[in-house]
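Report on the structure given below.
Here is how names work: the chains are called A, B, and so on, in the same order as the sequence lines, proteins then strands, and each is numbered from 1.
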Amino acid sequence: NAGVTQTPKFQVLKTGQSMTLQCAQDMNHNSMYWYRQDPGMGLRLIYYSASEGTTDKGEVPNGYNVSRLNKREFSLRLESAAPSQTSVYFCASSGDRGLGEAFFGQGTRLTVV
Amino acid sequence: QQQVKQSPQSLIVQKGGISIINCAYENTAFDYFPWYQQFPGKGPALLIAIRPDVSEKKEGRFTISFNKSAKQFSLHIMDSQPGDSATYFCAASVNSGYALNFGKGTSLLVTP
């Protein structure tokens, strides 16, 4: 059972470079999320998608864009990476209307130098 | 601003002791309160969750206590074990909403 799969697991970028973090879930969930985790800050919501074709900003959306490609996949794009975006990024999904358990991926550790 | 405030930031408990982590919230629209456990290098995983129609929920050694009037909830880990050493996050969400609001986390160390 794969659950939520994120790629890549690790990435180093230079300031100004762009990249896309990929996320896919195989649980037929409607809702998907991107969080970032920084020491002492907990998990903060970047963007979420309540259903295929919809996306909404979370608490810290600046510098990011997202695409809900289909029901399974939700990608996060950094157009011009900045050192402040050094973080661990988690994708998550949950069932209908966001109710119930949210399942998290293993995370992507991103370093921007 | 942080919608869920969690304390303490870190906690050291001896094996067999009780670990207690507290959280407080302001938004009275929250009606789903989960706790997540995270081991190093892994994503958070749901440990236990409660809705405000009950004051306590127990699953094995883990208990959530919920005080609706005080807008507080807590996680109790009974008979704490070294394998419980992890970071614990409380969270809250609105039932018809779509995203969890997390506390900043508590790093728990259970010593042998």
- Task: Below 4.5 Å from any heavy atom of chain B, which atoms of A/Leu45 appear? Answer side chain, backbone, both or neither.
- Result: side chain
- Note on the structure: So, the part of B/Pro44 with a heavy atom under 4.5 Å from chain A: the answer is both
- Where does A/Gln37 contact chain B at under 4.5 Å (heavy atoms): side chain, backbone, both or neither? side chain
- Under the side-chain contact (heavy atoms from CB on, under 4.5 Å) rule, what do A/Met41 and B/Phe102 come out as? Steps first, then yes or no, please. CA-CA 9 Å; A/Met41 296 298 293; B/Phe102 283 90; over 6 Å; no
- B/Tyr32 versus A/Glu101, closest heavy-atom pair with distance: OH-N, 3.8 Å
- Item | Connected via hydrophobic side-chain network under 4.5 Å: A/Tyr89 and A/Leu43 | no
- Task: Rounded to the nearest 0.5 Å, what's the gap from NZ on B/Lys42 to CZ on A/Phe104? Could you check?
- Result: 15.5 Å
- Item | Any donor-acceptor pair under 3.5 Å from A/Tyr33 side chain to B/Leu100 backbone | no
- Query: Is it the case that one hydrophobic cluster holds both A/Val4 and A/Tyr35, taking links as side-chain heavy atoms less than 4.5 Å apart, direct or via other members?
  - Reply: no
- Query: Which atoms of B/Gln6 come close to chain A, meaning under 4.5 Å heavy atom to heavy atom: side chain ones, backbone ones, both, or neither?
  - Reply: neither
- Can you hop from A/Met32 to A/Phe103 via hydrophobic side chains spaced under 4.5 Å? no
- If you count heavy-atom pairs under 4.5 Å with chain B, which of A/Pro39, A/Gly42, A/Gly58 comes out on top? A/Gly42
